[in-house]
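Everything below concerns the one structure shown next.
As a basis for the values below, the full set of heavy atoms in this structure was taken, side chains included, without hydrogen atoms, waters or symmetry mates. Just so it is clear, the model here is predicted, and its values are computed rather than measured.
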Amino acid sequence: MAAEQTVLQFFPSSASLSARVHPLLVFNICDCYVRRPDQAERVIGTLLGSVSADGTVDIRNSYAVPHNESSDQVALDIEYHHNMLLSHQKVNPKEVIVGWYSTGFGLTGGSALIHDFYAREVTNPIHLTVDTGFSSGEASIKAYVSINLSLGDQPLAAQFHEIPLDLRMVEAERVGYDILKTPVVDKLPSDLEGMEASVQRLLALIDDVYKYVDDVVEGRVEPDNNVGRSISDTLALVPKMSPATFDKLLNDRLQDHLLLLYLSSLTRTQLTIAEKLNTAAQIL
C-alpha cells in the first residue's frame, strides 16, 4: 500500500485581479506621510473603493490608521479605523474596504500581520505600497495580494504577489504627479508651464504614433490590429476643422486662460492688502 504524500500547495487568491488607482489617492497618502508623528517611520491606512465584475479593484479613497510597529509586533487602532470607516460611508455609501496601504519601499515583516487583519475585514484585500523615500530614484507605486502557502492541511505562510496596477489621470493631474514623483523640485511650474509640458508630451506621443504607422507601412514592424483600431478610434474623435479655425480656437482659449490668471492674481493681491490694512487698524 503506497504511503500518503504530503503536498506543498499554493492557493492563489485571484488569478485575474488588477488594481486601478486614482491620482488623488497618491496625493492623500503623501500628505499623511508628511504629517506623520516624528517617531513614525511609515504610515499605513485603509483603502476604499469598489470591485468590478471583471476583477478590477477601483481604489478611490483612503484614510490613515494610527499604529505602533516594532520588529516583532504591530498594534493598530482598530476603534479609530472603524469610526473613520463609518464616517466615510455616510458620505460615500458605495465605497467599501478594498485593502490597505503603506509608505516605504517593498514589504516588511509586519506587513503580513497587518494584511491578516484586513483579510478579516474584506475578502482578498489589496496591499498598496508608495515609496515616499525615493529608494529607486522616484516614487514608485506597487500593488500586491496575498497567496496562501500550505503543507498538506497545515498553513505555513502567506506570500505577497504583485498584481497589475493602472494609474490613469488627466493631463492636469499628470503634471502634478510628475512633480511629486521626483526627489528634487527646483520650483513649482506655473499654469502656462504646465500647459507647455502637456503640449510637448502630446507632440511626442503624436511623433511615436507617426513613426509606428510609417514603420508598419514600410514593412519594418509587424502590424498590430489592436493598436490600429485604437489609432482609428482616436482619429475619429478629432473634429474636422481647418488649420485657421483650430489656431483661432486655441488662441481664444489661451486668451481666456490668461484672463483668469490675471483676475486671480488681482484678487489675491487685494486680499493681501485688505488683510494688512485690517492688521494695522487693530494695532492702532
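Note: K142 NZ to L165 CG = 11.0 Å, rounded to the nearest 0.5 Å. The CD1 atom of I163 sits 6.5 Å away from atom OG of S18, with the distance rounded to the nearest 0.5 Å.
V51 has its side chain out of reach of T56: every pair of non-hydrogen atoms, C-beta onward, lies at least 4.5 Å apart. Residues D77 and N68 form no side-chain contact, since every pair of their non-hydrogen atoms from C-beta on lies 4.5 Å or further apart. Counting only heavy atoms from C-beta outward, the side chains of I44 and L76 approach each other to under 4.5 Å.
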Contacts table for residues 24-33: side-chain donor-acceptor under 3.5 angstrom, sequence neighbours left out:
unit_1 : atom_1 : unit_2 : atom_2 : d
N28    : ND2    : S62    : O      : 3.1
N28    : ND2    : S62    : OG     : 3.0
D31    : OD1    : R35    : NE     : 3.0
D31    : OD2    : R35    : NE     : 3.0

Sequence neighbours excluded and cut-off under 3.5 Å, please list the side-chain donor-acceptor pairs for residues 260-272, or say none.
unit_1 : atom_1 : unit_2 : atom_2 : d
S264   : OG     : L260   : O      : 3.1
S264   : OG     : L261   : O      : 2.8
T267   : OG1    : L263   : O      : 2.8
T269   : OG1    : S265   : O      : 2.9
T272   : OG1    : R268   : O      : 2.9

For residues 90-107, which side-chain N or O atoms pair as donor and acceptor with protein atoms under 3.5 Å away, sequence neighbours left out?
unit_1 : atom_1 : unit_2 : atom_2 : d
W100   : NE1    : H115   : ND1    : 3.0
T103   : OG1    : V43    : N      : 2.9

Using residues 243-252 as the side-chain source, report each donor-acceptor pair under 3.5 Å to any protein atom, sequence neighbours left out, with the distance given to one decimal.
unit_1 : atom_1 : unit_2 : atom_2 : d
T245   : OG1    : S242   : OG     : 2.8
K248   : NZ     : D252   : OD2    : 3.1
N251   : ND2    : D247   : O      : 3.0

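I114 and R42 make their closest contact through CD1-NH2, 3.7 Å (heavy atoms, listed as atom of the first residue, atom of the second, distance). Between V65 and T46, the shortest heavy-atom contact is CG2-OG1, 3.6 Å. Residues I126 and A143 share a closest heavy-atom pair of CG2-CB, 4.2 Å. When all heavy atoms are compared, the tightest approach of P223 to V216 is CB-CG1, 3.8 Å.
Remark: aromatic rings of Y118 and H81 are close, center separation under 6.0 Å.
Cluster membership check: V221 shares its hydrophobic cluster with V217, using side-chain heavy-atom separations under 4.5 Å among Ile, Leu, Val, Met, Phe, Trp and Tyr.
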Residue pair I141, T129: steps toward the side chain to side chain contact (heavy atoms under 4.5 Å, CB included) verdict = CA-CA 6 Å; I141 305 172; T129 61; over 6 Å; no
task = Show the numbers, then the answer: is there a side chain to side chain contact (heavy atoms under 4.5 Å, CB included) between L48 and L85?
result = CA-CA 9 Å; L48 301 174; L85 177 62; 3.8 Å; yes
Side chain to side chain contact (heavy atoms under 4.5 Å, CB included) evaluation trace for H88 with N61 = CA-CA 9 Å; H88 273 267; N61 211 335; 3.7 Å; yes
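Side chains of S52 and R20: no donor on one and acceptor on the other come within 3.5 Å.
Every pair passing side-chain hydrogen bond (donor to acceptor under 3.5 Å, both in side chains) that includes a residue from residues 213-226 is listed here, sequence neighbours excluded: K211-D215, D214-R220, D215-R220, N226-R229. Applying the salt bridge (Lys or Arg N to Asp or Glu O under 4.0 Å) test to pairs two or more places apart or on separate chains, none has a residue in residues 79-88.
Classified by interplanar angle (parallel below 30°, tilted 30° to 60°, perpendicular above 60°), the ring pair Y144/F160 is perpendicular.
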